[in-house]
Each structure stands twice: as structure tokens, then as C-alpha cells.
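In what follows, chains carry the letters A, B, and so on, assigned in the order in which the sequence lines appear, proteins first and then strands, with residues in each chain numbered from 1.
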Amino acid sequence: MYPYDFQKLESKWQKAWDDQQTFKVGSIKEGTLDPSKPKYYVLDMFPYPSGKGLHVGHPLGYIATDIVARYKRMCGFNVLHPMGFDAFGLPAEQFAIETGTHPAITTDQNIDNMRNQLRACGLSYDWSREIKTTDPSYYKWTQWIFIKLYNSWFDEIDQKAKPIEKLIQSYENDEYRIDPKGNRIAKSDVGFQHAKKWKTFSSQEQEAILSKDRLAFLDDVTVNWCPGLGTVLANEEVTADGRSERGNYPVFKKPLKQWMLRITKYADRLEKDLKDVDWPEAVKQMQTNWIGKSEGAIVQFSLERNKEEKVSVFTTRPDTLFGCTFMVLAPEHPLVDHLVTDEQRQAVFAFREKMAAKSDVERQSDQKAKEGVFTGSYAVHPTMPDRRVPIWIADYVLMGYGFGAVMAVPAHDQRDFDFAKKHLLKIRAVVEPHPKFLKEHALSLMEYLEDPGALDVAYEGEGVSAQSDNLEIDFNGVTTNRAKEKMIEYLEKKEIGQKKIQYKLRDWLFSRQRYWGEPFPVLHGSGGSIQVVQEKDLPVILPEMEDFKPTALNDENASPQPSLGRAKEDWKEVTIDGNSYIRELNTMPQWAGSCWYYLRFTDPTNKNTFADEKEENYWMGNNGVDLYVGGVEHAVLHLLYARFWHKVLFDLGFVSTNEPFGKLFNQGYIQAYSYQDDRGMYVPAFDVQEEEDGTFTYEGQKVTRQLGKMGKSLKNSISPDEVIDMFGCDTFRLFEMYLGPIEQSKTWDTEAIVGVHRFLQRAWRNFVDEESGELLIVDTKMDDKLSLIVNKTIAMATKDMNEMKFNTAIAHLIQLNNLFVSMDKIPLEAARAFVLMLNPLAPHMAEELWQKLGYKESIAYASWPKADQNILSQDKVQVVVQINGKRRANLEVDGSATQEDIELLAKQDENVKKHLEGVTVVKTIYVPKKLVNYVVKP
RNA sequence: UCCGGGGUGGCGAAAUUGGUAGACGCACAGGACUUAAAAUCCUGAGGGGUGAACAACUCCGUGUCGGUUCGAGUCCGACCCUCGGUACCA
């Protein structure tokens, strides 16, 4: 008996791949890789080794990349297909806390477990290149890159990062000076003559000046403090409703001194360069929105009581400046203390306190309330000096965007409008609305311009300016876009404003108070001086700690405290040349390690550099990573951060491409049904019965069903191991791909697996007589019909493989296989083509059949079959005969048939004849090899 | 609110990008094999109508309504539902 024994076969081949190191990739340095061959770098977003193990949703992307990797090998590429583990960060530490074991131990256990699960999926990784971000030999280079960031600045003129020494040189050469406000100004800027020279500053002052340009810097900022996680979080890690993305805990705003990375300097390039990458439109859109570019102007308002004092605002509608009737500052705006009058002091302070006490969640729910108080002070209107502009504070103005202050134009901004209505402030119309708008509100233009406050909405659209003139300028009748330009010209001429591009993107808050992360390579000296660790002293090893729990867990009033504060003194304190330093006690966030791991894979064990230049050049050259597959959830986190680091490394000359990931592909989620009983408790999905009336029961009780994520807590999780045990890994791989397009979300349905399993069994029986073990292959030529079908299948499967449409590629193989069923023996050529095409999808069976066909070498590097164009062109074509666009007959004709041939045949067809009776053909449409359509009239 | 994706049989889906809608698979039904079941194999099937007919023909069908076209799942306009992203961004 020679049945299809997948358990035996699959372990046989997995062992063979291991023993023969089938998928090990050579290295250029060592001369074991031929760099004249084209390369293909196909990468998965590496996983967090969580304690829960994988469910069937996780390998979806891994299987897809594996198919691509195997296909590309067969097409003659050198393929880099590595895997590693993103092991620092909250999930690992949370799991360690839950189990009471040190994260170093649990992480390694989880990695072992996950690696086994991945191996069981028959993935052709080069495991010799495995990396984990928690390995000191890896995070040494994460720290090294941090030092590069610290020692770099962004030159706005060249739009690129440069070593900080260049900036110091420029200062020393007196190309830059510091103006009275503390800003760096260049020779060509106004005011350079009166600005202070570099030499006049103390070294401490010089360091403070430099820190304003360093790409990594310490700053006092308003942070997202998440007591539930015991750490602060980046903006990208906080969800829309003011909760932590991980764990869904509430987040509070708090001022704190933290490490920041100056990602905002790259806002423009991060946005613009998206056009150069082949990424899903959705992800590009998300990044574009997140970066949030908007064009407008800075406008300066003088204070009434002292014209020398100014408040700056950003506006996208400088054309509406004449309509500004008040100003609003964010409650935490630094000028508020200064502006508030004695009468208003009490009210302002009370308001501020009330706002500060709110969590982000509460702020969300109080949205649109438009609460605020008057500071008591007035500004002067920049174009109408006799107009007083009261200054208010309100929490609808956010400190983090623009200048934390707005000029309110209530007639043409809904938020300002609501605020004006609530607090009885003036509303002045300065744009003539579209006639449609007036009609909708049954107003004449005169009536609207007279009293725009009569409506309950602002007119935010474009139009022509009105009531916008003073002694110097007159914008009346000018269209919005033109008026914007003219106003900016005017503001610049009067030196009270200028053009400005504003981004929503904020700098990246880079420190965390948790234990399980990369230590900063930073030393704090006396008097607040900062020094980075010398390269030769890297890595700064994360110290062993017994108690690694976050310090201020679940205490929203406490201030965040780094866990490393409880490390032993001999770690915390460092003496260099007789000076003592304290180590930085914060750790880097989860995302640090994943910002550059794809570079390390090109040369994972290098001790002298993060990756050898030759290896980096070869694998990353051209297009960066050729195919990067992962979930869409990283659209504005990992993918934005990694692009940022990569661009800095590119500017500094360490990498060869401007973008890290040439092509990105998002796989969909696998969803599953979960079931709840009437108390809302989840019941094991596996044991739920479907009743005839379409309802569901568990142990006789009615339960409700919903579609969603797979998870242990939902009791609907299925692990790949279970499926592989039952059906084998080839079946599992085929099934996941056959569910539908990879980028789509799909519902798991265990019952449907038998379909592809049957396909494999049938294929086996087509090749092997199960009774005798005899190979059912015959070494004869294929007949024309079979040859045509085989070549067609090759053509279609090749196209599908190139487009990553594995579901239809499988369908074509099933069809070919179904044809084999009707044959006693399969011609060798057809069998070969089938096995070769099967290989990327179901590699174990393909290897076994390949061996049975007599080949000694692994099929992994055999050539993908080519379709014979000559044979394809001999194909008969199906031509449709339509009458008035309705199909009346099908004809099968030679590919060479002319229109005359086809029409002759068509007119012989009974059904066509019938429909052409008693009518006249007014037009004939002929599409070669496709159809004839007669347009007829009675 | 704005932005993006998606609505096709009982279900997952396919459709050469404007040219026979539903390939392939699941589930289902009937049959073969079997003491029986499983496995396997064969056959059927979008919905309706005219047929004695498993012949043949025919009408309707891709979220809704309208349009362009000889011809629309595919293009255009309006709308509905759904899934993501965003969160007062001045």
C-alpha cells in the first residue's frame, strides 16, 4: 500500500531541507553567493513572540511570502527570505509579568515555540539568519543608530541630515549665529549682523543651542501618560478615542522631559517620496493624512497694551483675515499667564485646571461643547488697526498644532462660529457664498453679508472676498485662492506674517519607562550635561533585575518613573576619566528594533558594522526590500518610523536607497465566528451546533454568533498545529491561499479544508498507484489537446504567481489535475509541469513527486516551466454571436478565422437564423476572436 | 466630519479590465461501491417561464435608482449598506 501519507512525507522533506541547508543563502563577502544573478528580497513583518502562540491567521502572510520566495528561486533569482523576532516591548513584558517570569526567559521560550510553529508550516526561511532584537549583538547597533541620530542635524537648505560636526563648523566659521529669540540664523537672513556669534556662548550654552538641531534630543513636552501600562506613549500609539492602542487603557496628558526624535524635519520628504514606492493606496493615504500637510500663513497679532508684543497664529485661510473678530489660545499656551487680567485671573485658572484634569477620553466626549473664557486682553487687528480683537482661551484649540493659537473667523469656520454663538462674539462675513448655499438657507447675498450669524452654520466654502478692504488694499471681488496669495504678499510686505506649510506630524516621543527595551547609550553628567556612550563601549547591556514591573502602574496621579531606576547602583553609575555619570534610565520604545532589522538580515552576524556595505548594496540596492508583507495595522507606526530612520541613514551615507521598502503588500485578517451565551460568556466555538432554523446552540442552550478576531479569550482560536496534524502542512498552505485574495479579510471555515485536501490526494493517486506503488507516468509525447491545456495552465499560473493571485493559480492546477484523473497514465512532460507548478504552493508533495520522477536534486531550484507560445496560438477560440447584445450562439473557430469565416458560420446557426428572420441588420460589430454582434431593427 | 476599501448563488469566490456572469472549491441533492459508515467515484444545480422531455428555447438576474454604449459586474451621476483610517489640525 502506498497511500498519500502526509505526516511521513512532510517530516521527511522538512528534515531534508534542514540537513542539506537547502534554503541557506550564501554571502558575497565569503564568495558563496553569485552577485551577478538578480536578487529578490522578500520579507515578512517579523512577529512579537507573544506567549499565546500563533493562530491560523498569523501564517497567512508568511505562506504568501514563502510561495513568492519559492517561485522566485525557480525563476533564477537569489532570494533572501529571512525571519526574526521583535522581542522587546510591551507584549513580552506584559506576558512576563502575568507569568511572573523574567522576560528574557519567557521571550526565549516564546521564540522557541513560535519558531517550531513556523517551521511546521514548511516555510523556506534561511534560519541561519534569524535575529532577535533583544540580543545584545543586535541592539548594540540599534544603540549605534541612536547615537548617529543624536550626532546629526537636519539641514533645511539641502533637506538632508548631516553630522553635527558640520553644524559646529558652520557656527565656528560664523556662517550661523543666534538671534535674540535663540534661533539659528544664516548669513543671508535679516538680522544676522545683530545676532550673537557662536564664540560668545559658554560651552553649556553651545550644547543647548545644538540640542535644538540634533535629531535626538531631550525636551519638555506634553506626553501621553498611560498609567495602565506604566509608561508614556507616542502619538501613534494612542487611538482616536484617547486610549492606548495596546491594552485599551485611558491616556492622560502630562508635561514631562523626554527623549524625542525630530521626525518632523522629514515630514516633507516622508510625504513626497510616497509617490516612489509601490504600496497599497490605502497605506499611502494613511501616511499622508497622518503627516497632514496644509498650506497657509503665519499671521502676527500685536497686543493692544503693548504693540511690541506679538501673538502668532497659523491659518489656512489668510483671505478671511478681515473676518477675524477674536482670537483663541490653547489653555496651556505659554502667553496665557502673561495675558490674563486681574479680573479674569480666577476664571482662567479655574478653567485651565478643569481642562487639565480631563483625560483624553473625557475630552473626546466633551467634544463640540466649545467651552472657553476671556483672558481680559485684546489684540489689534493686523489690517484694521482700529478694531479690537478679544483674546480667549478654549480647549478646542490644541497646543500641539501650529502655534496653539488661532485667529477666529466665525463666519467662515464652523468651530469659530459655534464658539462665537455660544459666547456672543461678533460674526463678520468676508466671503460671498455660492448661490446654492444662499438658496438653501433662503437668504439674499445682502442679508447674508449683513448678518451671517442669523444662520446656524458657517460658510466654509470658496467664493469671492467681500467687505475686505482698508486704505492700502482691496480684495473685494477677488476669488479665494487669489485672495490668499494677495494677503500673504501683503503680510510679508508689512512684515507681520508669511507663507507657511504646517504639518500635523509631531516629533516622535522616544522614551518609555518600562524595563524590557533597549537602554539608551546616554550618560548624564553633573549640571545636566549629556554625553553619548562611546562606540567602543557598546552595547549598553540591559541590566538583570528581579523586579521589573513598572513603577507607577495604575496610578494616574503618579508621575512616570523608569523601571531602570531600580537597577543596581553599579549599573546606573559610571565613572569615566574621574567624572561620574548617571545612565539614562528610560528605555527605547517597541519600534526601535524594527526600524532597521531588514538591514541586519543582509548580514546578521557582522561584529564590525550593522551590515557589510557589499551585502547591504546587493540586497537593498535598486528597490530596497522587493516585497514586504504584513498587516495594515502598522501603516503609521512601524512603516513611518522605519522610513524615517532609513532616510537618516541614507543621508549619512550608510545605506544605498532613499526608501527601505519598494513594494508593500497588506494581507487581510482571518476572522472567525465567536459565540456568546445569554450571560454574555463566550462558549467554545468548536462545540456549537447549527440548528435547522439557522440558530446556534451550545449544550442545548441558545447562543448568539458574531464575526470578529480570533483569540483565546473568544474561545474561537484555531492553531496551525491542529490543522497541520489533521491535514498536513501542504493542505494548510493551499487552504489559506485558496480562501480568497490575500489582501482580503476572510472567515475561517474548517469544514472547507477537505476541498484542497482532496485535490492533493487526487494528485497523488494520479501519479502513484496506491496498491502497487507503481508510478503512473509514461514517457510519451503529449497529444495536441493535452499539450494545449498544459501550456495554457502554465501561462495562467505564471501570470497568477506574478500577481500573487494564488487562489486562482490553485484553481488552474485543480483543473489540470482533474483532467489527469481521466487518464490511465500521465505523459512525463505534463507531469513535470504540474509538479513544478505545485512546488511553491505545496512543496512537500512536490519534492516527493519530483524525486519519484527520478530527479536527485531538490525541486527548490528547478526552473519554473515556460508556456510555448506556438502551441498557445494554435488554440481554437470561442466566438459569441449576439443579436442586439444578447447571446444567440457560440462558435468554436480556429484562431486564424477571419470575420467572413465567422459570419458565414454564424448565419448557418439555427438559432441565429431564427432571430434574424423578419428583421434588418443595421450594423455589425466584430471583435476579433471574441464576438459578432448584429444590431437589428424590425 | 473627512479619506480609503468593499457589496456578485446557500457559502468562499472567478470574470482575459467594456464582450458567453458565477471558473475552481465548500455545503447540498441523486446515484455507484459498501452489511453499514467513512473514504472514493459519477451526475446535477442562479431564479423563473414555455415544453412529455434529463431535448430545445426564452425572460429576469452582480446593493438601489438613473445615464453613456451595439453591448455594463466592469465606465459616469446620485444614493444606501458595510469594513478600515481620522478625531475640534485653525
Asker: Reckon A:N817 has a side-chain N or O less than 4.0 Å from the OP1 or OP2 of B:rC24?
Answerer: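 No, A:N817 has no side-chain N/O under 4.0 Å of OP1/OP2 on B:rC24.
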Asker: In whole Å, what is the span from the CG atom of A:L637 to the C1' atom of B:rU86?
Answerer: 14 Å
Asker: With rounding to whole Å, what would you report as the distance between B:rU68 and B:rU74 at their P atoms?
Answerer: 15 Å
Asker: Which nucleotide, if any, forms a Watson-Crick or G-U wobble pair with B:rA56, using both distances under 3.5 Å?
Answerer: B:rU50
Asker: With a 3.5 Å limit on both atom pairs, tell me what B:rA29 is paired to, counting Watson-Crick and G-U wobble, or say none.
Answerer: B:rU43
Asker: Residues two or more places apart in sequence or in another chain: which of them pass ring-ring contact (aromatic ring centres under 6.0 Å, His included) with A:Y675?
Answerer: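 A:Y675: ring-ring contact (aromatic ring centres under 6.0 Å, His included) contacts with A:F696.
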Asker: For A:I814 and B:rG25, what is the distance between atoms CD1 and C1' respectively, to the nearest whole Å?
Answerer: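 Interatomic distance, CD1 of A:I814 to C1' of B:rG25: 6 Å.
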Asker: Which nucleotide, B:rG85, B:rA23, B:rC3, lies nearest any side-chain atom of A:A811?
Answerer: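 The answer is B:rA23.
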Asker: Compare the minimum distances between each of B:rC57, B:rC88, B:rA90 and the side chain of A:F314, then state the nucleotide with the smallest one.
Answerer: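 Nearest listed nucleotide: B:rA90.
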Asker: According to salt bridge (charged side-chain N to carboxylate O under 4.0 Å, His left out), who are the partners of A:K907, at least two apart in sequence or on a separate chain?
Answerer: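 Scan of A:K907 (salt bridge (charged side-chain N to carboxylate O under 4.0 Å, His left out), adjacent residues dropped) gives A:E903.
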Asker: With sequence neighbours excluded, tell me which residues meet side-chain hydrogen bond (donor to acceptor under 3.5 Å, both in side chains) with A:W748.
Answerer: A:T750
Asker: For A:D413, give me all partners under salt bridge (charged side-chain N to carboxylate O under 4.0 Å, His left out), at least two apart in sequence or on another chain.
Answerer: A:R415
Asker: Using a 4.0 Å heavy-atom cut-off across all strands, classify A:H757 as base, sugar-phosphate, or nothing.
Answerer: nothing
Asker: Assign a letter to each nucleotide of nucleotides 5-21 of chain B from its 5' end: B, base within under 4.0 Å of a protein heavy atom; S, sugar-phosphate only; -, no contact.
Answerer: -------BSSS---BB-
Asker: Whom does B:rA15 pair with, Watson-Crick or G-U wobble, provided both distances fall under 3.5 Å?
Answerer: none
Asker: Flag the pair A:K354 and A:E371 as a salt bridge only when some basic side-chain nitrogen lies within less than 4.0 angstrom of an acidic carboxylate oxygen.
Answerer: yes
Asker: With a non-hydrogen cut-off below 4.0 angstrom, is A:A752 in contact with a base, only sugar-phosphate, or nothing?
Answerer: sugar-phosphate
Asker: Would you check if the side chain of A:E237 reaches a backbone N or O of A:A234 as a donor-acceptor pair within less than 3.5 Å?
Answerer: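 Flag set: sc A:E237 to bb A:A234 pair under 3.5 Å.
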Asker: Where does B:rG46 land, syn or anti, once you apply the within-90°-of-0 test for syn?
Answerer: anti
Asker: For the pair made of NZ in A:K504 and C1' in B:rU86, what is the distance, rounded to whole Å?
Answerer: 7 Å
Asker: Would you mind reading off the distance between A:N289 atom CG and B:rU86 atom P, rounded to a whole angstrom?
Answerer: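 After rounding, the reported distance stands at 9 Å.
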Asker: Write down the distance between CG (A:D319) and P (B:rA90), rounded to a whole number of angstrom.
Answerer: 14 Å
Asker: According to the Watson-Crick and G-U wobble definitions, with both distances under 3.5 Å, which nucleotide is paired to B:rC2?
Answerer: B:rG85
Asker: So what does A:N818 hit on the nucleic acid, given a heavy-atom distance under 4.0 Å: a base, only sugar-phosphate, or nothing?
Answerer: sugar-phosphate
Asker: If the C1' atom of B:rU17 is compared with that of B:rA87, how far apart are they to the nearest Å?
Answerer: 38 Å
Asker: What contact category does A:V935 fall into here, base, sugar-phosphate, or nothing, at under 4.0 angstrom with non-hydrogen atoms?
Answerer: sugar-phosphate
Asker: Just to verify, what does A:D824 make a side-chain contact (heavy atoms from CB on, under 4.5 Å) with, not counting sequence neighbours?
Answerer: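 Counting only residues at least two positions away or on another chain, A:D824 forms no side-chain contact (heavy atoms from CB on, under 4.5 Å).
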Asker: Can B:rU20 be described as syn, meaning its chi torsion is within 90° of 0, or is it anti?
Answerer: anti
Asker: Would you kindly give the CD1-to-P distance between A:I883 and B:rC57, to the nearest whole Å?
Answerer: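 To the nearest whole Å, that distance equals 13 Å.
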Asker: Determine whether the aromatic ring centres of residues A:F326 and A:W392 are separated by less than 6.0 angstrom.
Answerer: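 No, the ring centres sit 6.0 Å or more apart.
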Asker: Whole angstrom is fine here: how far is it from CG in A:L398 over to P in B:rA87?
Answerer: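 Computing the A:L398:CG to B:rA87:P distance gives 10 Å.
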Asker: On a whole-Å scale, what distance lies between the C1' atoms belonging to B:rG9 and B:rC65?
Answerer: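 Looking at atom C1' only, B:rG9 and B:rC65 are 24 Å apart.
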Asker: Any chance you could measure A:W279, atom CH2, to A:L274, atom CG, to the nearest 0.5 Å?
Answerer: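 Reported value, rounded in 0.5 Å steps: 6.5 Å.
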Asker: With a 6.0 Å cut-off on the ring centroids, do A:F759 and A:Y738 count as close?
Answerer: no
Asker: With rounding to whole Å, what would you report as the distance between B:rU64 and B:rA37 at their P atoms?
Answerer: 44 Å
Asker: Considering Watson-Crick and G-U wobble pairs with both distances under 3.5 Å, what does B:rG77 pair with?
Answerer: B:rC65
Asker: For A:R888, answer base if it contacts any base atom (sugar-phosphate contacts may also be present), sugar-phosphate if it contacts only those atoms, and nothing otherwise; contact means non-hydrogen atoms under 4.0 Å.
Answerer: sugar-phosphate
Asker: List the atom pairs, with distances to 0.1 Å, where a side-chain N or O of residues 396-406 of chain A and a protein N or O form a donor-acceptor pair under 3.5 Å, not counting sequence neighbours.
Answerer:
residue : atom : partner : partner atom : Å
A:Y396  : OH   : A:D416  : OD1          : 2.7
A:Y401  : OH   : A:S294  : OG           : 3.0

Asker: What's the gap between B:rU82 and B:rA29 when it is taken at their P atoms, as a whole Å value?
Answerer: 34 Å
Asker: Polar-atom pairs under 3.5 Å, protein N or O versus N or O of nucleotides 39-44 of chain B: list them with distances, or write none.
Answerer:
residue : atom : partner : partner atom : Å
B:rU40  : O3'  : A:R765  : NH2          : 3.1
B:rC41  : OP1  : A:R762  : NE           : 2.9
B:rC41  : OP1  : A:R765  : NH2          : 3.4

Asker: I want to verify a distance call: between B:rC89, B:rA90, B:rU58, whose nearest atom is closest to the A:R506 side chain?
Answerer: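 That would be B:rC89.
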Asker: Could you classify B:rG66 for me, syn or anti, using a glycosidic angle within 90° of 0 as syn?
Answerer: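 Glycosidic conformation of B:rG66: anti.
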Asker: Grab the NE2-P distance between A:H812 and B:rA23 for me, whole Å please.
Answerer: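 Spelled out: NE2 on A:H812 to P on B:rA23 is 12 Å.
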Asker: Determine the Euclidean distance between corresponding C1' atoms of B:rU86 and B:rG67; express it in Å to zero decimal places.
Answerer: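 These two C1' atoms come out 34 Å apart once rounded.
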Asker: In whole Å, what separates the P atom of B:rG22 from that of B:rU62?
Answerer: 14 Å
Asker: Residues in salt bridge (charged side-chain N to carboxylate O under 4.0 Å, His left out) with A:K805, at least two apart?
Answerer: A:E803
Asker: Can you name the closest pair of heavy atoms from A:C324 and A:V389 and give their distance?
Answerer: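 Smallest interatomic distance, heavy atoms only, reads SG-CG1, 4.3 Å.
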Asker: How would you label the contact of A:S294 with the nucleic acid (heavy atoms, under 4.0 Å): base, sugar-phosphate, or nothing?
Answerer: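 Sugar-phosphate, backbone atoms only, no base.
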Asker: Using heavy-atom distances to pick each residue's nearest nucleotide on RNA chain B, tell me which of A:E751 and A:M407 is more 5'.
Answerer: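 The residue whose closest nucleotide sits nearer the 5' end is A:E751.
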Asker: Can you tell me how far P in B:rU16 sits from the matching atom in B:rA23, rounded to whole Å?
Answerer: 15 Å
